[in-house]
Novice: 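Following this message is one structure expressed as structure tokens.
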Amino acid sequence: RIAQEVHGPMVFGLSHVPVIGKKDDNGLEAISRTYEAVKDAPHRGIHVFSIMFDPFSLKSYGYTREQVIEGAVKGVVHARKLLGNNGQVEFSFQNATNCPLESIINGYRRMVDAGANVINVPDTIGYSHPEEITEVISILRKELPEDVMISIHCHNDLGLAVANSLAAVKAGADIVEGTINGIGERAGNTSLEEVVMNIVTRKDKFNGRTVNIKPKMLNPLSKLVSYHYDMPVQQNKAIVGDNAFRHRSGIHQDGMVKGELYEIIKPKQVGWDGESFDLTARSGYAGVALRLRRLGYDTSDKTLKKKVMPGFKTLADGKGKIGDADLVYLMDCINQTGKDKYDFIDMAIKKDYGSSYSATVKLSVYGQENSSGFITGNNKNGLSRHGAIDALFTAVNIIINKPEDLHLVLYNPINIGSGSDAAAEVTVILSKSQQFDGKITPFNGMYIGRARHEDTLTASVMAYVNALNKVQRAV
């Protein structure tokens, strides 16, 4: 299916070669089936590989080096016969980097003579260091014909897959075998995105060589692979980690505001669309002010720092990480004038076996007490969805008569603290738009309410009322 439907790149199938003397060896049959798989690709190839070729492994298998080489020659000849002149035959001795140089040079020469035009050098157990890779690739580049491409395949057992791959490129390798997010056997393979951005960013180190890759696709592709493989990317991973372009230190944030002093890669260059400033207790006013400007606030007031930072530090000490909703709430508190129209007094909620929740809420409206009576949550399309929050918010709407064009787009309760001292902090967002993409727009019909209480349901009602007060003030 890939060969038939994915157009543009060369599509390879992978297959093992036979071993002379091995009983029931189906190496040639496997190569034939591989050809059947790739034959519909306009640009196609067959990559054939041997068993582990290092001395220790051969002794464990009970085969000689010559048996492996003779079988590999048969496999390469068969692959070339199937492809004819229209396709690439790639060959690799497994664990070649840990074999005597003489044996792999001789072996790879034999494969080129048999029809291979790509030679792959695998560091199968991830044992090699960059200087060792440099030596192997440099010698092979001198010994093999110029029109034979050299490919490198590194594993990350010692965390050196990217470094080894880049060393191979500098030594003359033409192809790097890598994977998205560095996924792969054991500790993984070479991280494609890290190799690409090293070559793109440090052209001076690679004699002007380039990669035919669109870097802006790296982050979207990383997320796609992470999702489908159910393998989260570590936050501080280079290029595609959630923190790869985030700045938390106040000194770093100030440097970024002054001139992007701490970034060697532009986030958009690799398709990264996250927020670059993580606001924490370590952040200074430069970073906070930048985020406020992005949200639409005027930060030209020279006294704003004195107004914002005490409240910001208190929030950051309590929550750790401050988001846009926190900043909007903070600015609402700073800018608030006059008395709220609605004050929360009390609430009650009940539920009988097999029934939905019903709730009553008591509010003060300009000093006059109002109660909703027990209200059951809304029915929509005849479907019962009478949760506790729905019943409570419906009860509030009865008293306040919430505008029809306002929609609850976010309800977010979190725990602050731990143990018996823990409290619930609830954030609600009301918006004139039914669609919420996670972007906070305080000056575009969006209202953020927040409250903290030992009881989550009480905090929920208080936060909802807080948001409705802001709607009233805007009106």
Novice: Looking at CE of Met10 and CD of Gln88, how far apart are the two atoms once the value is rounded to the nearest 0.5 Å?
Specialist: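 It comes to 4.0 Å.
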Novice: What are the two closest non-hydrogen atoms of Leu304 and Thr299, and how far apart are they?
Specialist: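 So the minimum-distance heavy-atom pair works out to CD2-CA, 3.8 Å.
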Novice: With side chains defined as the heavy atoms from C-beta onward, is the minimum distance between Ile334 and Val308 less than 4.5 Å?
Specialist: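 When only atoms from C-beta onward are counted, Val308 and Ile334 do touch, with a gap below 4.5 Å.
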Novice: Kindly indicate whether the side chain of Phe393, heavy atoms from C-beta on, has any atom under 4.5 Å from the side chain of Val465.
Specialist: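 Of all side-chain heavy-atom pairs linking Val465 with Phe393, none is under 4.5 Å.
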Novice: Do the side chains of Asp326 and Arg291 get close enough for a salt bridge, i.e. N-O under 4.0 angstrom?
Specialist: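 Salt bridge: no.
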Novice: Does a side-chain heavy-atom distance below 4.5 Å link Val196 with Leu218?
Specialist: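 Touching, per the 4.5 Å side-chain cut-off.
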Novice: Any carboxylate oxygen within less than 4.0 angstrom of a Lys/Arg side-chain nitrogen, looking at Asp343 and Lys339?
Specialist: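 The answer is yes: the pair qualifies as a salt bridge.
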Novice: So do the side chains of Asn189 and Ile183 get within less than 4.5 Å of each other, counting heavy atoms only?
Specialist: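 Sidechains of Ile183 and Asn189: no contact.
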Novice: State, yes or no, whether a side-chain contact exists between Thr458 and Met347 at a heavy-atom distance under 4.5 Å.
Specialist: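 With C-beta onward as the side chain, the pair touches.
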Novice: Please indicate whether Asp317 has more than 12 foreign heavy atoms, meaning atoms of other residues, nucleotides or ligands, lying under 6.0 Å from its CG.
Specialist: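 More than 12 within 6.0 Å, yes.
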Novice: Do side-chain atoms of Asn219 reach the backbone of Ile239 as a donor and acceptor pair under 3.5 angstrom?
Specialist: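 Side chain of Asn219 to backbone of Ile239, a donor-acceptor pair under 3.5 Å: yes, one is there.
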Novice: Give me the atom names and distance for the closest heavy-atom approach of Asn164 to Ile133.
Specialist: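 In terms of heavy atoms, the two residues are closest at O-CG2, 3.4 Å.
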Novice: What residues form a ring pair (Phe, Tyr, Trp, His ring centres under 6.0 Å) with Phe443, not counting sequence neighbours?
Specialist: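 Applying ring pair (Phe, Tyr, Trp, His ring centres under 6.0 Å) to Phe443 gives Tyr297.
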Novice: Is a donor on one side and an acceptor on the other found under 3.5 Å between the side chain of Lys313 and the backbone of Ala281?
Specialist: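 Yes, Lys313 side chain to Ala281 backbone: donor-acceptor pair under 3.5 Å.
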Novice: Are there more than 12 heavy atoms of other residues, nucleotides or ligands under 6.0 Å from atom NZ of Lys237?
Specialist: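 Yes, enclosed.
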Novice: Run the side chain to side chain donor-acceptor pair (under 3.5 Å) check on Asp390 and Tyr411 step by step: do they pass?
Specialist: CA-CA 11 Å; Asp390 181 57; Tyr411 168 76; over 6 Å; no
Novice: Are Asp340 and Arg473 ion-paired here, with the side-chain N under 4.0 Å from a carboxylate O?
Specialist: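 Arg473 and Asp340: salt-bridged.
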Novice: For Gln234 and Asn236, does a side-chain donor sit closer than 3.5 Å to a side-chain acceptor?
Specialist: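 Present: a donor and an acceptor within the cut-off.
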Novice: Of all the heavy-atom pairs spanning Ala395 and Ala359, show the shortest one and how long it is.
Specialist: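 Between these two residues, the closest heavy atoms are CB-O, 4.0 Å.
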Novice: Check this for me: Glu5, atom CD, are more than 12 non-hydrogen atoms of other residues, nucleotides or ligands nearer than 6.0 Å?
Specialist: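 Yes.
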Novice: Below 4.5 Å, heavy atoms only, C-beta onward: do Arg141 and Ile150 meet side chain to side chain?
Specialist: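 Touching, per the 4.5 Å side-chain cut-off.
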Novice: Would you call Arg450-Asp332 a salt bridge at under 4.0 Å N-O?
Specialist: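 Salt bridge: no.
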Novice: Pro215 pairs by side-chain contact (heavy atoms from CB on, under 4.5 Å) with which of Lys268, Lys266, Met197?
Specialist: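 Single pass found, and it is Met197.
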Novice: Is any side-chain heavy atom of Glu177 closer than 4.5 Å to a side-chain heavy atom of Ile152?
Specialist: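 Result no, sub-4.5 Å side-chain heavy-atom pair not found.
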Novice: Distance alone, cut at 3.5 Å: any donor-acceptor contact between the side chains of Tyr342 and Asn370?
Specialist: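 There is no such pair (donor and acceptor under 3.5 Å, judged by atom type) between the side chains of Tyr342 and Asn370.
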Novice: Report, as yes or no, whether the 6.0 Å neighbourhood of atom CZ on Arg186 holds more than 12 heavy atoms from other residues, nucleotides or ligands.
Specialist: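 Above 12, so yes.
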Novice: Do Asn120 and Phe49 have side-chain heavy atoms sitting under 4.5 Å apart?
Specialist: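 No, every pair of side-chain atoms sits at 4.5 Å or beyond.
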Novice: Under 3.5 Å, is there a donor-acceptor pair between the side chain of Lys306 and the main chain of Thr303?
Specialist: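 Not confirmed, Lys306 side chain does not pair with Thr303 backbone.
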Novice: Parallel, tilted or perpendicular: which one describes the rings of Phe91 and Phe93, with boundaries at 30° and 60°?
Specialist: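 Ring orientation, 0 to 90° scale: perpendicular.
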Novice: Ignoring hydrogens and geometry, is there a side-chain-to-backbone donor-acceptor pair from Glu193 to Asn181 under 3.5 Å?
Specialist: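 Here the side-chain-to-backbone pair exists.
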Novice: Which atom names give the shortest non-hydrogen contact between Asn466 and Ile448, and what distance separates them?
Specialist: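 That would be OD1-O, 3.9 Å.
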Novice: Quickly, which of Thr97, Asn156, Asn95 forms a side chain to side chain donor-acceptor pair (under 3.5 Å) with Asp123? Name it, please.
Specialist: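 The side chain to side chain donor-acceptor pair (under 3.5 Å) with Asp123 is passed solely by Thr97 among Thr97, Asn156, Asn95.
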Novice: Among pairs that include at least one residue of residues 160-196, which meet ring-ring contact (aromatic ring centres under 6.0 Å, His included), considering only residues two or more places apart or in two chains?
Specialist: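 Found none.
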Novice: Only pairs at least two apart or in different chains count here, so list each ring-ring contact (aromatic ring centres under 6.0 Å, His included) that has a residue in residues 194-229.
Specialist: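 Listed once each, the pairs would be none.
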Novice: Carefully, step by step, assess Asp174 and Arg209 under the rule salt bridge (charged side-chain N to carboxylate O under 4.0 Å, His left out).
Specialist: CA-CA 10 Å; Asp174 308 285; Arg209 302 180 83 184; 3.6 Å; yes
Novice: For a quick test of reading the model, state the closest non-hydrogen atom pair linking Gly241 to Val233 and the distance between them.
Specialist: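 What the structure gives for the nearest pair is CA-CG1, 4.2 Å.
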Novice: Would you say His155 and Thr124 are linked by a side-chain donor-acceptor pair, where the criterion is simply a distance under 3.5 Å?
Specialist: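 Side chains of Thr124 and His155: no pair found under 3.5 Å.
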Novice: Would you kindly say whether Asp40 and Gln4 are connected by a side-chain donor-acceptor distance under 3.5 Å?
Specialist: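 Side chains of Asp40 and Gln4: pair found under 3.5 Å.
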